[in-house]
Amino acid sequence: MQPTRAAYGAWNGGLFLNYGLTMNENRYLRGIRLAYERGIRTFVTADVYGEGRADTLLGEALSEFPRQSYCLVGAVGHDFYQGKRQGAKGFPRFTDPSLRSPADYADYLRMAAERSLERLQASQFDLLMLHNPDATGYTSEAVWAGMQSLRQAGLTDLLGIAPGPANGYTLDLVGALESFGEVIDWAMIILSPFEPWPGNLCLAAAAKHQVKLMTRVVDHGGIFHDDVKPGHVFGPTDHRKFRPAGWVETGNAKLEAIRPYAVKHGLTPLQLALAWSLAQPAVECVVPTLIQEAGDNARPFEDKIEELAAFHMPGNETALQADEIKSIEVIGNNQGTMWLQGGSSQFQAAVQADQWPLTDHLMQVAQRWGIVPDRDLYCPQDARDLRDKGLPMDGVPQAADHRLYVQLLAYTDCNAALTAAAVEAVKSSGLDAVVYANANDPVGIAVLILTAEPEDLTGKVRSVLGGEPFDRMTPQPELTMLGRTYGFGGEPKLDYWLLQRPVEYATRTDWPWAVWYPLRRNGAFNLLPRGRQMEILKEHRTIGMRFGASSYAGDIRLASFGMDRNDNEFVLGIMGPRLDWLSKLIEQMRSTTMTSQYMESLGPFFIGRAIYQSSSATHPVDQTKGAEVSARMRRRKSS
C-alpha cells in the first residue's frame, strides 16, 4: 500500500519530541484512533522515538483495525541498542565506525526492522525509510544493499530515505537519488509555504528519478495551526525555541498575507499549506506536526486531527492555480534564513554525524543540477562559516578558506658578516621572505615570512631561523609580529587579496622601505553599530587608496586576534619607495576618527629597508603574477 495524501506522525502530541504540552499515553492513543476513524490511513513512526515506545503505542492503537486497511511507514537508523545517547544529539547512527563496520550494516538493519515490527504488532512495513542518515548513509553501497535485503526478505514493500533531523542535506539527498534511485521509492523532506528552501532544490531530482516525496513540518512549527501568535510562551525544552529570533512574528505576518487564498478556496491555513505542498513536483504525501499548545487560546489537539482528516477526505482535493502557488512561495520565501546541515560549503571541520564539508562528489552533484552552494545553499548568518568573504560576484558571495600567515622576527647584534649569512640562509630556504635592515638599529635586521601554511611557522621557519647564523644574534621579541590576511567583505578579487597581493607588495623592488606595527582598538569601537564602524574604517581606506593610486605607498593588513603576545588585534605593514612618504601616510591617519578616538594602542614600530626580497614585482603591480604565487604555495602544500 502506498502512503496516502495525508499522514499521521507518531511524533504528534509531543510525547516523544519536545514541543507543546506533553500529553499522557491514553490521550496519545485516542488521537491515533481518532485519526484512523476520521479516514487517515497512513501512519509514520521511527524506532528511535522513545527508544521503541512510539512503535509500541502505535501498534497498540492500530491493533483493533485490519492491518491491510492502513499504510505503515517505519524508519530505522539511530542505534539505541548498542549506541549511547549523546546528549541533545541523540543516539548515534548505526553506521558510526565505533559501532560496526560496513560488513555488519545489513545485519543491523534486519535486526532493527524486525524489532520495530514486533513492537508494532505487524509482519511487514509498507514503507521503511533510512532515518536521519549520516554522510555514510547517503553514499554507502553497503547501506543500500542492506536496505534492499529487507525488501527481498519481505519485511517491507517500499524503501525510502528521511533526511534530518534539522533542515539541509540537499546535495546529499540528490546524490543519493542519483546513486540509489532504483532502490529508493520515497523520500521525506521538510517543505512548507513558509519553508520552501532548501527542499525545493530537491524536487526536480526526485521527479527525474521517480521518487515520491513526503513532506514534514508543513505546519511551520505550529504557525499554520493559527494558535501560535506573537508573545507565545514556549516551554523550557520546546525545540522551537532554537528557531531564529522573531520567527513567530514573521510567520504570522506571512500568514495574514496568504490568508485570502485560504478563504478563497474554503480552506483553513493548515489545509492551504497542505494543498500548496501537494502542488509541488513529486510531492504525494503531507505529514504535518499536530501540537497541543499551552495557553488559553490553544486549540485542542483533537481539533487539529479533525482538520487534517477533513482535508484528506475524498472529494476535498483543492487545485491551486499556478499563479497562486507562485505567489504563496514568494511570500513565504525563506532562502538564506537558517544554517543547513549535511554537506555544506560553510562547514570546514571534520565530518560529524549531522554536518560535513562539501566533497568533490557533492560539488559534482551540485554542478549537474545547476546548484551553486555559495549562492543557493548559503546562509549569511551561519556562525560555522569561518571563511574570509569578499565582494559578491554575479550574486555569489566570494568565500575563501585559505590565507597567508605573515610574521616579522627582529634581531640585533648582527654585524655585516652575520647579516650577509642571514640573507643567504633565508634565500636558500625557498620561503617567500624579506630581510630588512633596521633603520633604528645599526646592527639590527628583521626577517618577514609570508606563508599559506601555519605549520611553516613551527617547522620550516623554525629550522631556518633557529640555526646558523641566527643563533649568534640576539632576538628582539618586543618587535615580533604575527598575523593573517583577511577579507573585510569588499574585495573584488578575494583570492588575490588574501594570497597574492601581500607577497607582491612586500617584494616590490621599487618599494624597499617598510613600516610595520601592531595595533589594538578600544572596546568602545566594538560596541558601535556595524554601519558606523564601516564609516569610520572608510576614512583609513580612503587615505590608503589615495596614496596607493599615486604609488606612494601600499599596505598589508593582518588580523592577529589570539596570535599576539600583547593581545594586539591587527598588524599593519606599510611599504613604499620613500620613508618620508610612509611617515606622511601615518601622519594623515592620526587625524582620523579611528586613530584619535578608538585606538587603544599602536606599536612598537619597526622601520626597515629591504636588503633581500625573495621575488620581485614591477610597478604597477601585475595581478597575473598572483597565479604563479598561488600555484607555488599549492606545490609546497602538496610536497
Side-chain angles (χ1 to χ4, degrees), residues 1 3 9-11 15-17 42-63 67 70-87 89-165 172 176 179-180 182-188 214 353-354:
M1 182 176 180
W11 56 84
L15 185 58
F16 300 108
L17 298 180
T42 297
F43 296 87
V44 186
T45 184
D47 65 349
V48 73
Y49 296 156
E51 298 173 45
R53 186 62 180 162
D55 286 351
T56 300
L57 292 178
L58 182 61
E60 180 182 341
L62 295 175
S63 62
R67 171 63 187 87
Y70 62 87
C71 176
L72 181 60
V73 180
V76 296
H78 286 275
D79 186 355
F80 59 94
Y81 299 99
Q82 298 182 42
K84 294 182 179 180
R85 188 175 184 90
Q86 301 168 345
K89 295 182 179 179
F91 289 96
R93 277 64 168 183
F94 77 96
T95 45
D96 188 318
S98 68
L99 294 174
R100 59 186 53 82
S101 68
D104 297 319
Y105 290 170
D107 289 341
Y108 173 84
L109 288 168
R110 177 152 191 162
M111 180 277 296
E114 289 176 342
R115 296 281 292 274
S116 183
L117 285 168
E118 180 182 346
R119 293 188 293 268
L120 287 161
Q121 304 180 41
S123 61
Q124 184 187 52
F125 291 104
D126 292 287
L127 166 63
L128 181 63
M129 295 185 290
L130 183 64
H131 191 205
N132 296 347
D134 57 11
T136 300
Y138 289 102
T139 57
S140 170
E141 293 185 3
V143 166
W144 287 99
M147 292 291 287
Q148 177 73 315
S149 70
L150 301 180
R151 174 156 42 199
Q152 294 167 346
L155 297 177
T156 185
D157 184 37
L158 304 167
L159 292 172
I161 184 170
D172 307 287
S179 299
F180 309 110
E182 293 183 359
V183 176
I184 298 172
D185 303 294
W186 282 82
M188 178 186 281
M214 178 183 299
D354 293 321

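These values consider heavy atoms only, across backbone and side chains, with no hydrogens, waters or symmetry-generated copies. Throughout, numbering of the chain's residues begins at 1 and tracks the sequence.
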Residues two or more places apart in sequence or in another chain: which of them pass side chain to side chain donor-acceptor pair (under 3.5 Å) with [X]?
| X | value |
| --- | --- |
| S101 | none |
| R53 | E25 |
| R93 | D354 |
| H131 | none |

Worksheet item: Mind checking whether Y108 and Y81 have side chains closer than 4.5 Å, heavy atoms only?
Response: yes

Discussion item. Are the side chains of L15 and Y49 in contact, using a 4.5 Å heavy-atom criterion?
Written reply: no

Fill in: Sequence neighbours excluded - salt bridge (Lys or Arg N to Asp or Glu O under 4.0 Å) pairs with any residue from residues 104-113
R110-E114

Discussion item. Given 3.5 Å as the limit, does a donor-acceptor pair link the side chain of D126 with the main chain of L72, or not?
Written reply: yes

Using salt bridge (Lys or Arg N to Asp or Glu O under 4.0 Å) as the criterion, list what pairs up with [X], not counting sequence neighbours.
| X | value |
| --- | --- |
| R100 | D79 |
| D134 | none |
| E182 | none |
| R85 | none |

Discussion item. Considering only residues two or more places apart or on different chains, which pairs with a residue in residues 136-150 satisfy side chain to side chain donor-acceptor pair (under 3.5 Å)?
Written reply: Q148-R151

Discussion item. I need the minimum non-hydrogen distance between Q86 and P92, along with the two atoms involved.
Written reply: NE2-CB, 3.9 Å

Worksheet item: Which atoms form the tightest heavy-atom contact between L155 and L117, and what is the distance?
Response: O-CD1, 3.8 Å

Worksheet item: With under 30° as parallel and over 60° as perpendicular, where do the rings of F43 and Y70 fit, or are they tilted in between?
Response: perpendicular

Response to the item:
By ring-ring contact (aromatic ring centres under 6.0 Å, His included), F91 pairs with (sequence neighbours left out) none

Fill in: ring-ring contact (aromatic ring centres under 6.0 Å, His included) partners of F125, counting only residues at least two apart
none

Fill in: Option passing side-chain hydrogen bond (donor to acceptor under 3.5 Å, both in side chains) with S116 (candidates D47, D55, T45)
D55

Worksheet item: Taking it one step at a time, do F16 and L57 satisfy side chain to side chain contact (heavy atoms under 4.5 Å, CB included)?
Response: CA-CA 11 Å; F16 300 108; L57 292 178; 3.7 Å; yes

